[in-house]
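Keep in mind it's a predicted model, so treat the numbers as computed, not measured.
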Amino acid sequence: NKWLDRVIFYRRSLSDKTTKANNYTSDFPEISRQVRESVNWSCSECKVDMLKMKKGLHVHHINGLKYDNSKNNLKVLCALCHQNIDEFHKSMFVPKEVERFINKNRSQ
C-alpha cells in the first residue's frame with residue numbers, strides 16, 4: 001500500500017524532537033463540516049447521500065496526518081468506505097444504525 005509506505009517513511013524520517021503530535025486541529029470540526037457540505041453530504045467513493053445521517057459521513061486524512069487539513073489531503077467518505085480504506089481503519093467502529101442507513105441507501 002503506497003499510502004502506508006509513505007506514512008511509515010515519513011514517521012521514521014523524523015526524530016522524536018521534530019515529530020509533530022498527530023492530533024486533530026482545534027478547527028477540524030468546522031473544516032470537516034465545510035468539506036462534507038461542499039460535496040452535498042455524499043461519499044466520494046460509493047456516492048451514498050448522507051444528508052439524513054450526517055454522523056456517518058467522515059473526512060479522511062489521506063496521508064494519515066490528522067493536522068494536515070490541506071484540501072488535497074481530505075477525502076469525504078461514508079463510515080463503511082472509511083472503514084475499508086486501508087488496514088489501519090479496518091477496526092474503526094461503525095454504529096449499526098449508520099451501517100444499516102448506508103447499506104439501505106447505497107445505489108445498487
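- The shortest distance between side-chain heavy atoms of N105 and D49 does not fall below 4.5 Å.
- With sequence neighbours left out, H58 forms a ring-ring contact (aromatic ring centres under 6.0 Å, His included) with H82.
- Between the Q83 side chain and the M92 main chain, a donor and an acceptor come within less than 3.5 Å of each other.
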Checklist entry - Taking it one step at a time, do T25 and D27 satisfy side chain to side chain donor-acceptor pair (under 3.5 Å)? => result CA-CA 5 Å; T25 58; D27 59 347; 2.6 Å; yes
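- Considering CG of L51 and OG of S42, their distance stands at 8.5 Å, rounded to 0.5 Å.
- Side chain of N73 to main chain of N69: no donor-acceptor pair is present (N/O by atom type, distance under 3.5 Å, no hydrogens or angles).
- A salt bridge links K55 to E97: at least one charged side-chain nitrogen sits closer than 4.0 Å to a carboxylate oxygen.
- Using a 4.5 Å heavy-atom cutoff, the side chains of K66 and F28 are not in contact.
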Checklist entry - Y67 and H61: ring pair (Phe, Tyr, Trp, His ring centres under 6.0 Å), yes or no, with the steps? => result CA-CA 9 Å; Y67 56 84; H61 289 85; 8.6 Å; no
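- Between atom CG of residue L57 and atom OG of residue S44 there is a gap of 8.5 Å, rounded to the nearest 0.5 Å.
- Hydrophobic clustering of Ile, Leu, Val, Met, Phe, Trp and Tyr side chains at less than 4.5 Å, counting indirect connections, keeps L77 apart from Y24.
- Within the 4.5 Å cutoff, the side chain of L74 has heavy atoms near those of the I31 side chain.
- No continuous path of ILVMFWY side-chain contacts below 4.5 Å connects L65 to V76, so the two sit in separate hydrophobic clusters.
- For the pair C78/E99, no side-chain contact is recorded, criterion being any heavy-atom separation below 4.5 Å from C-beta on.
- In this structure, the side-chain hydrogen bond (donor to acceptor under 3.5 Å, both in side chains) partners of N72, at least two apart in sequence or on a different chain, are S70.
- P29 approaches S26 most closely through the heavy-atom pair CD-O, 3.5 Å.
- Listed by chain and residue number, E30, E37 satisfy the salt bridge (charged side-chain N to carboxylate O under 4.0 Å, His left out) test with R33 (two or more places apart in sequence, or in another chain).
- Judged by distance alone, the side chain of S32 and the main-chain N or O of V59 form no donor-acceptor pair under 3.5 Å.
- With sequence neighbours excluded, the residues that form a side-chain hydrogen bond (donor to acceptor under 3.5 Å, both in side chains) with K90 are N84.
- A79 and V98 get closest at one heavy-atom pair: CB-CG1, 3.9 Å.
- In this structure, CG in L80 is found 12.5 Å from CD1 in I85, a value given to the nearest 0.5 Å.
- N63 and D68 share a donor-acceptor pair across their side chains, judged by distance under 3.5 Å alone.
- With sequence neighbours excluded, no residue forms a salt bridge (charged side-chain N to carboxylate O under 4.0 Å, His left out) with K54.
- Annotation: side-chain hydrogen bond (donor to acceptor under 3.5 Å, both in side chains) contacts of K47 (sequence neighbours excluded): none.
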